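Report on the structure given below.
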Amino acid sequence: MIEIRLPDGSIKEFEKGVTPYEVALSISEGLARNVLSAKFNDQIVETSTPLTTNGSLILFTWNDDEGKKAFWHSSAHVMAQAIEELYPGVKLTIGPAIENGFYYDVDFGDHKISESDFNQIEQRMLEIARGKHPFQMREVSKENALNHYQKERNEFKVELIENLQDGEITFCDHDTFTDLCRGGHLPHTGFIKAVKLTSVAGAYWRGDENNKQLTRIYGITFPKQKDLKEYLVLLEEAKKRDHRKLGRELELFTFSQKVGQGLPLWLPKGAALRGRLEDFLKKAQQKAGYEMVVTPHIGHKDLYVTSGHYAKYGEDSFQPIKTPHEGEEFLLKPMNCPHHCEIYRSGQWSYKDLPKRLAEFGTVYRYEQSGELHGLTRVRGFTQDDAHIFCTPDQLDDEFKKVIDLVLYVFSSLGFENFTAQVSLRDPENKEKYIGSDANWEKAENAIINAAKEKGLSYKIETGEAAFYGPKLDFMVKDALGRQWQLGTIQVDYNLPERFDLSYKGSDNELHRPVMIHRAPFGSMERFVAILLEHTAGDFPLWLMPQQAIILSLSEKYEKYAEKVLTLLENNEIRATVDNRNETVGKKIREAELNKFPFMLIVGEQEEKDGTVSVRRRGEGDLGRMDPEAFAQLINKEISKNLKAFEV
RNA sequence: GCCGACGUAGCUCAGGGGUAGAGCGCUUCCUUGGUAAGGAAGAGGUCACGAGUUCAAUUCUCGUCGUUGGCUCCA
């Protein structure tokens, strides 16, 4: 007999060799029907794996992430079988489960696959699923495994197996199909009831663009047809929050093929919105001891040779601008740091002057790969809410924490709660990719981790994700479709101070090297506005709204009174506009609601007579008549409730 | 940059070898209204651009540009 501990803490005795499925059955038939996969002593096992020792067992269903993972991983096997049958001679490589579904990377040889092939594959997958073929794991010796795939001339699987230890290699069989696999499957294919292949994409073998390009097919499957329908509806809903769509509808920004790809044009409303965000940050930064500076949009090539950026990115950047005569070369500014370093160098500093915090809304230009451009989130010309802090090594920890406070203030003022902090460190295996000494890297990495810990951030460490000049702490936020984007960033840099020979006079009367912190709480105005749009669906916090209220005149007769109310509101710092069009009030309300006006003020005969406005709140309805002054107070009270001042 | 899809009116989209259609928006007129679409008329398109096939191309083929889902990249 063996003892199995279940998640509720209870311990049950079973015959040696009991399977997770049988354990589930002993609890309830319903559970047994729904159990998809299991974890025994922190190891993923099949529901059919005999358990031979004491241990703790967790059973997973569709409601668990691990259950979905097994579901989708198994679905990848089924898709692979369908593809192999329909396109004989293809070479399978890897096919994992992902956050929403799964993919399989396949070498189709000369065959071109496109979305028009999906239906056929989906149909075959469903046929296989209906066969209720059990997934069965078996151990294979390295030699046999290699033989199997050498016979199939599948160099990809051979490469995978070569990197595995003999004795830990397993194959998974179902129906007529066999795949190299570590495990974690459904009991059988019959659980898969709904199948949707979502896209086809090129993907490099092992993610390296020097390798062969494979065809990646993405799909998603569900245990019920209804779940698939719901998922598709969810996708449709997410599309409604797409910042590209909202940006056009709300007249915030546009693009022009003539101006060039990735170069956004900010429309009046968008520019006003962006200006308001800038003012908000400027105010907080002033309190936090920052000083604003302004630098030009181009810089001499030597500036970037000194900074090291030219060597690293020169080839892959917008190419230098040449002067007519002297043969000088200038680069479009890809970042503000070198300019700020030169500002620092323009003076002499004592340790008493530090930290020096230089801030600029600096517009930069980067030649991003054309396939990477995406709305406002990835562009070629954008404005960073940049600042560089020059401080003594002793001040680093404290300054770093202060920056975290500022970023958290920005995020909370704008209602971003679901962000993750990511600490990006150097890849110790690939040190040549980075500039700077080991000692400095270590110091900087520790400073970041300590600050993140002390500020109570829940952070994730990503090795190899650091910038080439230093480690960083990024604040990541998801867009409507769940894609992660970096917004705020804080980076420690020991290298630029070195390269620009920056110094300050210490209390010992000697020259010392300052440490530099790069930071941008928004990241870039473009990306921030994009993500903010997707999070709020255009329903911005009241203080940020391009227009806070719209005055709807009941007919042209009340135009004068409407204008009078507008002036009154403007005197109270409220952004409002008048809709005097010859339309019914019903239509005006509908459009104001769709255009996200938070407040609608209806004025007609009654209002004009007693000097009031009828207030309607978006999404809530009629709030009744009130004095325009009272309305102004209502708005301003709500704003001051939601927008707290930054406390240092 | 690579793989796939797409590009028709300001916007959302239908159509299809014989040079185009809807809804919304826009203009004008009627209507002067009470909390999510009042009515009528009209204007607006080199069907992204360039080449090829054809008697004829917006439609088919190729290329370019742009957009887009991924991959690689992201100072």
Side-chain angles (χ1 to χ4, degrees), chain A residues 98 103 105 108 112-118 198-218 242 244-245 248-249 251 254-258 260-262 304 307-314 316-317 333-338 364-375 377-380 384 435 465-470 472 481 483 485-486 489 491 493 495-496 518 527 552-559 582-594 600-607 614-625:
Chain A
I98 53 177
Y103 66 77
D105 282 349
F108 276 90
K112 290 251 185 260
I113 202 106
S114 81
E115 279 163 32
S116 52
D117 299 293
F118 282 4
T198 47
S199 74
V200 55
Y204 302 102
W205 169 237
R206 306 216 132 175
D208 185 336
E209 64 177 324
N210 299 313
N211 286 343
K212 176 154 193 185
Q213 189 164 42
L214 308 167
T215 302
R216 175 171 299 178
I217 299 184
Y218 286 88
D242 190 319
R244 295 165 296 193
K245 177 178 149 70
R248 187 170 43 239
E249 287 171 1
E251 295 168 24
T254 189
F255 288 88
S256 147
Q257 201 169 329
K258 272 224 169 76
Q261 58 180 168
Y304 304 101
S307 72
H309 291 108
Y310 188 79
K312 177 96 181 161
Y313 293 104
D316 303 316
S317 296
K333 177 166 77 175
M335 78 290 299
N336 303 298
C337 2
V364 297
Y365 300 90
R366 296 178 185 176
Y367 184 76
E368 304 289 3
Q369 294 184 49
S370 63
E372 246 338 291
L373 299 174
H374 179 92
T377 49
R378 191 82 188 269
V379 287
R380 284 182 170 169
Q384 297 178 310
I435 57 179
E465 290 293 310
F468 76 94
Y469 52 74
K472 56 185 183 170
L481 284 174
R483 292 173 291 212
W485 295 93
Q486 173 213 309
T489 181
Q491 315 182 355
D493 187 345
N495 294 304
L496 279 186
H518 309 247
R527 183 177 289 177
L552 310 179
S553 61
L554 213 51
S555 89
E556 285 153 1
K557 284 191 267 181
Y558 312 108
E559 186 170 347
N582 177 11
E583 299 289 353
T584 60
V585 70
K587 177 147 180 168
K588 289 183 183 184
I589 286 171
R590 177 180 155 81
E591 287 187 7
E593 291 267 347
L594 292 175
M600 285 144 264
L601 307 181
I602 292 129
V603 295
E605 192 180 349
Q606 279 297 314
E607 290 79 6
S614 281
V615 180
R616 180 189 163 97
R617 171 130 217 187
R618 177 167 187 273
E620 284 177 27
D622 200 347
L623 300 185
R625 278 196 286 162

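Nothing here was measured: the structure is a model prediction, and the numbers come from that model. Just so we're on the same page: letters track the sequence lines, and every chain starts at 1.
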With the side chain defined as heavy atoms from C-beta on, A:Pro334 is closest, among B:rA75, B:rG1, B:rG69, to B:rA75
When rounded to the nearest 0.5 angstrom, what distance separates CG in A:Leu496 from NE2 in A:His518? 5.0 Å
Per the atom types in the model, does the base of B:rA36 pair as donor or acceptor with the side chain of A:Glu593 at under 3.5 Å? yes
Taking only side-chain nitrogens and oxygens of A:Lys472, does any of them come within less than 4.0 Å of OP1 or OP2 of B:rA75? yes
Quick one: is A:Arg244 getting a side-chain N or O under 4.0 Å of the B:rG69 phosphate, OP1 or OP2? yes
What's the closest nucleotide to the A:Lys587 side chain, out of B:rG4, B:rG66, B:rG25? B:rG25
Do any side-chain nitrogens or oxygens of A:Lys557 fall under 4.0 Å of OP1 or OP2 in B:rG33? yes
So if I take every side-chain heavy atom of A:Ala201 and compare against B:rU32, B:rG34, B:rG69, which nucleotide ends up nearest? B:rG69
Distance between C1' atoms of B:rU68 and B:rA41 (Å, rounded): 39 Å
Rounded distance in Å between the P positions of B:rA36 and B:rC30: 28 Å
By the 4.0 Å heavy-atom rule, please label A:Gly207 as base, sugar-phosphate, or nothing. sugar-phosphate
Distance check: side-chain N/O of A:Arg618 vs OP1/OP2 of B:rA36, anything under 4.0 Å? no
Between B:rC74 and A:Arg527, is there an OP1 or OP2 to side-chain N/O distance shorter than 4.0 Å? no
Pair assignment for B:rG42, Watson-Crick or G-U wobble, requiring both distances under 3.5 Å: B:rC26
Whole angstroms only, please: what is the NZ-C1' distance between A:Lys245 and B:rC11? 10 Å
Looking at A:Thr584, does any N or O in its side chain come under 4.0 Å of the phosphate oxygens OP1/OP2 on B:rG38? yes
Does a distance-only test, which skips hydrogens and angles, find a donor-acceptor pair under 3.5 Å between the side chain of A:Asn582 and the base of B:rG33? yes
Examine B:rG69: is either OP1 or OP2 under 4.0 Å from a nitrogen or oxygen in the side chain of A:Arg216? Give yes or no. no
Side-chain atoms of A:Arg616 come closest, of B:rG1, B:rA36, B:rU32, to B:rA36
Could you check which nucleotide pairs with B:rC71 in any of the strands shown, counting Watson-Crick or G-U wobble with both distances under 3.5 Å? B:rG1
Would you say B:rU67 has OP1 or OP2 under 4.0 Å from some side-chain N or O of A:Gln261? yes
Measure from OH on A:Tyr469 to C1' on B:rC74 and round the result to the nearest Å. 11 Å
Examine the base of B:rG33 for any acceptor or donor lying under 3.5 Å from a partner atom in the side chain of A:Glu556, and report the outcome as yes or no. no
Are A:Tyr218 and the base of B:rG70 stacked, counting only ring centres nearer than 5.5 Å and planes tilted under 30°? no
Please determine, for B:rG16, whether a Watson-Crick or G-U wobble partner exists with both distances under 3.5 Å, and give it or none. none
Using OP1 and OP2 only, check whether a side-chain N or O of A:Tyr204 sits under 4.0 Å from B:rC71. no
Decide if atom CD of A:Glu605 counts as having more than 12 heavy atoms of other residues, nucleotides or ligands within a radius under 6.0 Å. no
Determine: side-chain N/O of A:Ser370 to OP1/OP2 of B:rG1, distance under 4.0 Å, yes or no. yes
Under 4.0 Å: is that the gap between some side-chain N or O of A:His374 and OP1 or OP2 of B:rG69? yes
Look at the side chain of A:Arg366 and the base of B:rC74, then say whether one donor and one acceptor between them are separated by less than 3.5 Å. no
Nucleotide paired to B:rC65 in any strand shown, Watson-Crick or G-U, under 3.5 Å: B:rG7
Flag this pair as yes if the NZ/CZ of A:Arg380 is under 6.0 angstrom from the six-membered ring centre of A:Tyr367 and inside a 45 degree cone about the axis; otherwise no. yes
Calculate the interatomic distance between A:Arg590 atom CZ and B:rC24 atom P; express it in whole Å. 11 Å
